[in-house]
K.L.:
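Following this message is one structure expressed as structure tokens.
In listed order, ligands and their atoms are each counted from 1.
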Amino acid sequence: MTDSDRVSLFRLLPGELEAVVAELGQPRYRAEQVLRAAWHQSPASFEDMRQLPAALRADLAGRFTLDAATEVRRVASDDGGTTKLLLRMSDGTLIETVLMQYPEPGERHPRSTVCVSTQAGCAMGCVFCATGQMGFERNLKAEEIVTQVLHIARLLRERGEHVTNVVFMGMGEPLANYAETIRAVRLLTDPKAFGLGQRHITISTVGLIHAIDRLAAEGLQVGLAISLHAPDDTLRQRLVPTAGPTSVGDLVSAARRYFKKTGRRVTFEYALIAGQNDWEETARELARLLHGSGAHVNLIPVNPTAGGFGRPPRRTVLAFERVLREAGINCTVRVEKGSEISAACGQLRTDESNQFVGESEISLSPVAPRRGSRQETLSPAPSQTR
Ligand code: SAH
Ligand code: SF4
């Protein structure tokens, strides 16, 4: 078996690993030992799994890899609440992962949310999104999605903390990489693998209707966020060029179906862009569209990117929010964390990739806040209230 025939152990669901261990003639508890070591102890090699007999370690090493992501760059916000990582996959692909931490009242440890990428680049072309402007590079495999969480879990473990939430809001469109995204969700939530509660996971989508219905039928309890950005189809198509001609009404219906099937309310994300979709009249139209849907709206004052789309002034954001609230729409404005770092997914790679791509030796820069850099950005955190 050559190196390229070996698959990542982090791709295997517990049942699949149990089958391999049985095939190797080993008792069942050995599979549990492998799973515990792999998912909670960050082994660098199978040799590190000392609790296993040498023959089993050798068998596993012949079939599987324990490939982890390589950290290329780390940027932290001044308050330390947001940490953004540029990670390199084993084939050299660069992607971004963000850790967002919030103090939890009454808890000893902060809420630690990992924002994962599901694709390198994205084919959806949203005009205000740095990832969309890169174009599509490739889908990430499930193991490459979960390795982002494992990387952060290791950092947190060193300080006695742990990952509490995962949001699929990094680079790429998760539902355009459906099978690998779902496999990643199952790996992250299986009690015998990473073991996170399903309700602690949120998938954000630009709104692929068929995939939303498919997700609703998976029997999962994950949260869903739909990136709406506009209350009418013409405006939405301008901001999301790949959106279909009748997307807005279809998305609201899909959200209703998702709620009906899963019992989980959908959040609509709305990137507020100066002079584009931030008018009070637009807010009224949005309120009419969502009236009675029970949906929650998360307003995201946009991060300026190369496309020249800017963030509205604060009073415009507040006016937009007020209109929605007065119309009875449940609404929050995303808290701005990491405002001095390129915290919107896709931005760090866009800013930095030229100096990294193609270099064989990259020096790791441990937490390197770019103090003084006053670029306004925000984090892709889910539904944070002010
Ligand atoms: N593709 C999925 C998930 C990744 S994008 C989606 O579009 O939902 C995650 C969120 O970040 C989306 O709501 C997206 O609209 C938002 N986003 C993208 N670029 C942004 C920017 N420059 N400023 C603020 N939010 C941005
Ligand atoms: Fe892709 Fe989401 Fe960016 Fe749109 S906002 S280009 S769907 S990553």
K.L.:
Please determine if atom 1 (Fe) of ligand 2 has an N/O/S atom from Cys129 lying under 2.8 Å away.
P.N.:
no
K.L.:
Which atoms of ligand 2 are found less than 4.0 Å from any heavy atom of Val206?
P.N.:
7 (S)
K.L.:
At what distance is the nearest protein heavy atom to atom 6 (S) of ligand 2, and which residue and atom is it?
P.N.:
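So the nearest neighbour among protein heavy atoms is Gly132 CA, 3.3 Å.
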K.L.:
Among Glu144, Glu173, Met171, Arg138, find the one that has a side-chain contact (heavy atoms from CB on, under 4.5 Å) with Gln119.
P.N.:
Glu173
K.L.:
Taking Glu180 as the fixed residue, which of Lys141, Arg11, Arg186 is the one that meets the salt bridge (charged side-chain N to carboxylate O under 4.0 Å, His left out) rule?
P.N.:
Arg11
K.L.:
Are any of the N/O atoms on Ser204, whether in the backbone or the side chain, positioned under 3.5 angstrom from an N/O atom of ligand 1?
P.N.:
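Yes; the residue has a nitrogen or oxygen that sits under 3.5 Å from a nitrogen or oxygen of the ligand.
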K.L.:
Identify which one of Ile209, Ile212, Thr262 satisfies the side-chain contact (heavy atoms from CB on, under 4.5 Å) criterion when paired with Arg257.
P.N.:
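Result for side-chain contact (heavy atoms from CB on, under 4.5 Å) with Arg257: Ile209.
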K.L.:
How far is atom 4 (Fe) of ligand 2 from its nearest protein heavy atom, and which residue and atom is that?
P.N.:
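The closest heavy atom on the protein side is Cys126 SG, 2.3 Å.
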K.L.:
Please confirm whether Phe128 comes within less than 3.5 Å of ligand 1 when only nitrogen or oxygen atoms on both sides are compared.
P.N.:
yes
K.L.:
Where does the angle between the aromatic ring planes of Phe320 and Tyr270 fall among parallel (under 30°), tilted (30 to 60°) and perpendicular (over 60°)?
P.N.:
tilted
K.L.:
Is the count of non-hydrogen atoms from other residues, nucleotides or ligands lying under 6.0 Å from Arg159 atom CZ greater than 12?
P.N.:
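Atom CZ in Arg159 is crowded, with more than 12 foreign heavy atoms closer than 6.0 Å.
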K.L.:
At the 4.0 Å heavy-atom cut-off, does Gly172 count as touching ligand 1?
P.N.:
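So Gly172 counts as touching ligand 1.
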K.L.:
Of the side chain and backbone of Cys122, name the one, both, or neither that has a heavy atom under 4.0 Å from an atom of ligand 2.
P.N.:
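Only the side chain of Cys122 comes within reach of ligand 2.
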K.L.:
Could you check whether any heavy atom of Gly172 sits closer than 4.0 Å to an atom of ligand 2, since that is the contact criterion I want to use?
P.N.:
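Gly172 counts as a contact of ligand 2 under the 4.0 Å cut-off.
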K.L.:
Quick one: does ligand 1 sit under 4.0 Å from the side chain of Ile300, the backbone, both or neither, non-hydrogen atoms only?
P.N.:
side chain
K.L.:
Set out, in order, the CA-CA distance, both residues' side-chain angles and the distance that settles side chain to side chain contact (heavy atoms under 4.5 Å, CB included) for Asp278 and Val317, then state yes or no.
P.N.:
CA-CA 7 Å; Asp278 61 341; Val317 175; over 6 Å; no
